[in-house]
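Here's the structure we're looking at; comments come further down.
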Amino acid sequence: MTYRPPIDEILFTLAQVAVPPGSPPPLPAEELAAILEEAGRFCAERIAPLDRTSDLVGARWEDGRVTTPPGFREAYADWIAGGWNAVAQPEAYGGSGLPVSVGTAAMEMFTSSCMALSTLPVLSQGAADAIEAHASEALKALYLPRLVSGEWTGTMNLTEPQAGSDLGLLRTRAEPLGDGRHRITGSKIFITFGAHDLAENIIHLVLARLPDAPAGVKGISLFLVPQRFVAADGTLGAENDLRCAGIEHKLGIRGSPTCTMVFGDGGGAIGWLVGEENKGLACMFTMMNKARLATGLQGVAMAEKATQKAAAYALDRRQGRASGFDGAAPIAAHPDLAKTLARMKALTTAARAIAYAAAAAIDGGASGDARASLLTPVVKAFCTDIGCEVASLGIQVHGGMGFVEETGAAQLLRDIRIAPIYEGTNAIQAIDLVMRKIVREGGAEVARLIAECRADVARAENRVGPSAAILADALTALEAATAHLLSPATGEAAKLLVAQTYLRLFGLALGGALLSRGAAAAGTRQADWTRLARIYAEDIAAEAVGLAGQVLSTRRDPADYRALAGVG
Ligand SMILES: Cc1cc2nc3c(=O)[nH]c(=O)nc-3n(C[C@H](O)[C@H](O)[C@H](O)COP(=O)(O)OP(=O)(O)OC[C@H]3O[C@@H](n4cnc5c(N)ncnc54)[C@H](O)[C@@H]3O)c2cc1C
């Protein structure tokens with residue numbers, strides 16, 4: 001089965017679902033359709049055929065050099081030549097300056113086509129964002145044009161062996177040389193595309209500590225460390241003192257090199273400060289927030305691909321009797337199997353709606369800031385969990401053929417399994433949602449969102465029918481759970497224990513409301529939206545009330561969990 005870019009679904013989501021009713025689409029309809037059809041064609045024809053080889057051959061490391069799988073070089077060169085790397089990048093540095101939601105749509109199709117290769121532009125775009133927001137004009141002028149175009153690529157160097165979720169523990173050092181440059185020494189692990197053969201230069205954004213910096217996260221600064229030095233006229237010079245000491249052997253995304261990077265074992269890599277001293281983490285968050293949305297989008301993209309693959313298989317494979325068929329029926333005709341396929345489609349559509357709503361909030365500029373900030377951990381965690389759930393269901397639909405590698409269904413689950421882990425694990429996202437976005441912010445934005453969601457469900461009632469009541473109940477459940485978290489009587493340990501439960505509830509309730517929005521706006525071409533909203537309400541959103549019950553319970557004793565974990 002070949003991947004089919006879901007252009008109609010994406011266009012409808014962008015125009016009717018990601019933005020409140022009556023809002024203009026991100027671009028005029030014809031222009032948007034033309035761009036996305038072209039992007040879809042490119043991804044399906046040039047990128048998707050690489051996916052299997054990417055998995056089978058993977059990235060290779062030899063003597064410090066990383067070779068990417070066959071075909072990556074040519075496809076990546078075509079990607080940048082077509083201007084696709086720069087879709088939503090600033091015009092001042094050669095980008096097309098299109099809305100983030102348009103870039104999001106192009107990236108969804110790229111990611112479905114080959115998730116491993118898609119991790120490269122995600123990081124380059126994030127690095128460009130961080131440099132644009134925080135670096136000096138000189139650094140911007142020197143590095144941004146070729147990072148924006150994709151001729152050079154970017155990395156995010158946070159993780160060290162002892163510093164994963166807890167970046168306060170990182171030890172890489174930066175020593176000022178007195179002339180604006182810094183000498184960087186230390187090691188980083190798990191650096192995506194830290195070394196490769198697809199570009200002439202790699203621009204590393206590295207978190208490190210200045211001498212006498214305060215301990216913890218308040219003593220971290222951000223540095224731009226190029227693989228090769230760049231002269232004032234843009235010509236490339238000597239190699240910097242940094243190298244890739246090896247790459248990981250992984251469960252999935254095998255074509256994406258995950259590198260151990262060593263900075264300065266020949267005397268010190270040279271780097272330049274980005275932003276203020278000791279404010280590096282805040283600067284890196286510019287990159288991390290975009291990367292978190294891009295990671296959530298990976299969940300959408302892989303769920304879409306798994307759903308397409310499972311649906312095609314289920315029409316082809318014949319087993320057992322079902323009404324309307326003589327002889328063995330396609331497995332899709334069995335009520336349970338059809339229900340599984342519908343669940344996959346409903347979850348995928350809801351996840352896409354949430355991810356695109358976050359992108360649309362970013363396009364809203366300052367007025368969308370609070371919404372984008374609230375939705376970012378939900379997109380990252382809810383959508384990546386959905387990606388894993390749907391990819392796993394896809395294997396189930398294939399039966400035994402799903403468990404063997406031949407069909408490619410297993411690769412989808414292996415590839416997407418990283419997404420709940422990197423870019424801040426989903427547990428860390430849930431803590432961010434509960435402790436910062438809800439409790440610290442005081443709940444005003446979530447209250448606004450719930451009110452909008454209620455209006456969406458009410459507007460769709462005549463189409464969704466009695467099932468709309470379940471979507472409304474899910475919102476009531478979210479409201480009650482939110483109030484519980486905001487209550488001074490709820491202790492910190494209790495909040496942390498239910499953070500992931502709350503995030504799932506949030507995603508389920510929001511997904512139902514956005515499907516209702518789609519159902520209310522659907523014309524004859526989108527008749528499925530009404531069915532999906534009904535099925536989502538009956539089979540999926542109904543979980544929300546139970547989840548709220550878990551959040552609201554005051555019977556839970558945190559000590560029980562600690563004792564069972566052996567840390568009592
Ligand atoms: C393929 C791949 C690519 C990657 N790419 C990059 C990259 O480009 N750049 C980069 O810097 N890093 C990268 N990483 C690293 C990645 O971001 C980290 O693996 C991730 O942040 C988790 O850190 P850790 O692995 O040290 O796990 P740990 O932090 O040790 O976490 C282990 C478990 O403990 C939980 N946990 C930890 N702290 C808490 C807490 N406070 N509350 C509740 N639970 C907690 C976690 O949720 C997790 O389940 C990559 C990793 C992989 C595998």
Side-chain angles (χ1 to χ4, degrees), residues 54-55 58-59 66 115-127 130 153-172 186-196 202-208 216-217 220 222-223 225 244 246-261 263 280-281 283-285 287-292 294-295 298 377 380-381 384-385 388 414-436 492-493 495-503 558 561-562 565 567:
S54 163
D55 187 53
V66 172
M115 179 171 157
L117 181 54
S118 79
T119 58
L120 178 62
V122 162
L123 288 163
S124 300
Q125 289 163 8
T153 66
T155 70
M156 182 168 83
N157 280 255
L158 286 70
T159 308
E160 298 178 11
Q162 77 296 344
S165 301
D166 187 355
L167 292 172
L169 298 174
L170 72 82
R171 292 188 197 133
T172 296
S187 291
K188 298 281 179 181
I189 59 166
F190 294 162
I191 304 309
T192 298
F193 275 100
H196 60 80
I202 302 174
I203 313 307
H204 300 281
L205 288 184
V206 182
L207 289 181
V217 291
I220 298 174
L222 180 62
F223 297 89
V225 187
C244 170
I247 63 174
E248 306 295 341
H249 300 280
K250 313 193 291 289
L251 180 69
I253 55 165
R254 292 178 173 157
S256 170
T258 304
C259 305
T260 299
M261 301 301 299
F263 293 87
L281 204 54
C283 299
M284 198 56 128
F285 258 102
M287 181 167 188
M288 278 151 64
N289 279 336
K290 277 276 184 68
R292 286 176 175 184
T295 306
Q298 291 172 346
K380 176 9 178 112
T384 57
D385 283 345
C388 292
R414 289 191 290 99
D415 282 350
I416 195 58
R417 190 58 189 85
I418 183 58
I421 297 172
Y422 62 13
E423 284 311 328
T425 65
N426 284 2
I428 298 296
Q429 304 302 319
I431 294 170
D432 178 48
L433 175 67
V434 168
M435 304 309 272
R436 295 194 196 90
E492 182 171 306
K495 287 176 195 153
L496 293 174
L497 266 181
V498 297
Q500 292 218 59
T501 313
Y502 176 79
L503 189 146
Y561 297 90
R562 288 178 64 95
V567 290

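Atoms within a ligand are numbered from 1 in the order they appear, just like the ligands themselves.
The contact set between ligand 1 and Ile431, taken as ligand atoms under 4.0 Å from a residue heavy atom, comprises 42 (N), 43 (C). Less than 4.0 angstrom separates some heavy atom of Met156 from each of these atoms of ligand 1: 7 (C), 8 (O), 9 (N), 10 (C), 11 (O). Of all the atoms in ligand 1, the ones that sit under 4.0 Å from a non-hydrogen atom of Glu423 are 17 (O). Near Thr192, meaning under 4.0 Å from one of its heavy atoms, ligand 1 places the atoms 3 (C), 4 (C), 5 (N), 6 (C), 7 (C), 8 (O). Near Ile421, the atoms of ligand 1 lying under 4.0 angstrom from a non-hydrogen atom of the residue are 20 (C).
Atom 44 (N) of ligand 1 has its nearest heavy-atom neighbour, among Pro161, Ala427, Ala163, Cys259, in Ala427. If you check each of Gly126, Ser165, Gly154 against atom 29 (O) of ligand 1, the one with the closest non-hydrogen atom is Ser165.
At distances below 3.5 Å, not a single donor-acceptor pair connects side-chain atoms of Gln298 with backbone N or O atoms of Met115. Proximity of a side-chain donor or acceptor of Asp415 to a complementary backbone N or O of Ile253 within less than 3.5 Å is detected. Side chain of Ser124 to backbone of Gly154: a donor-acceptor contact under 3.5 angstrom is found. Lys250 contributes no side-chain N or O that, together with a main-chain N or O of Arg414, makes up a donor-acceptor pair within less than 3.5 Å. Between the side chain of Arg292 and the backbone N or O of Glu423, at least one donor-acceptor pair lies under 3.5 Å.
Ala381 and Asn426 make their closest contact through O-ND2, 3.3 Å (heavy atoms, listed as atom of the first residue, atom of the second, distance). In terms of heavy-atom proximity, Ser187 sits nearest to Glu160 at O-CG, 3.3 Å.
The protein heavy atom nearest to atom 1 (C) of ligand 1 is Thr258 OG1, 3.6 Å. The closest protein non-hydrogen atom to atom 39 (C) of ligand 1 is Ile428 CD1, 3.8 Å. Of the protein's non-hydrogen atoms, Gly164 CA, 3.1 Å is the one closest to atom 26 (O) of ligand 1. Here the protein heavy atom with the shortest distance to atom 52 (C) of ligand 1 is Ile418 CD1, 3.7 Å.
Where the criterion is an N or O separation shorter than 3.5 Å, residue side chain and backbone included, Phe190 meets it with respect to ligand 1. Of the N or O atoms in Thr159, one or more lie within a sub-3.5 Å distance of an N or O in ligand 1. Residue Leu158 has at least one nitrogen or oxygen atom sitting less than 3.5 Å from a nitrogen or oxygen atom of ligand 1, judged on distance alone. The shortest N/O to N/O separation between Thr425 and ligand 1 falls below 3.5 Å.
Put simply, CG on Asp385 and CD1 on Ile416 are 10.0 Å apart, with the number rounded to the nearest 0.5 Å. Between atom CG of residue Leu123 and atom CZ of residue Phe193 there is a gap of 9.0 Å, rounded to the nearest 0.5 Å.
For the side chain to side chain contact (heavy atoms under 4.5 Å, CB included) with Leu170, the lone residue among Val206, Ile220, Thr159 that qualifies is Ile220.
Remark: atom 7 (C) of ligand 1 lies closer than 4.0 Å to at least one protein heavy atom. For atom 33 (C) of ligand 1, the nearest protein heavy atom is 4.0 Å or more away.
Look at Lys380 and Asp432 and you find no salt bridge, because none of the NZ, NE, NH1 or NH2 atoms lies under 4.0 Å from a carboxylate O.
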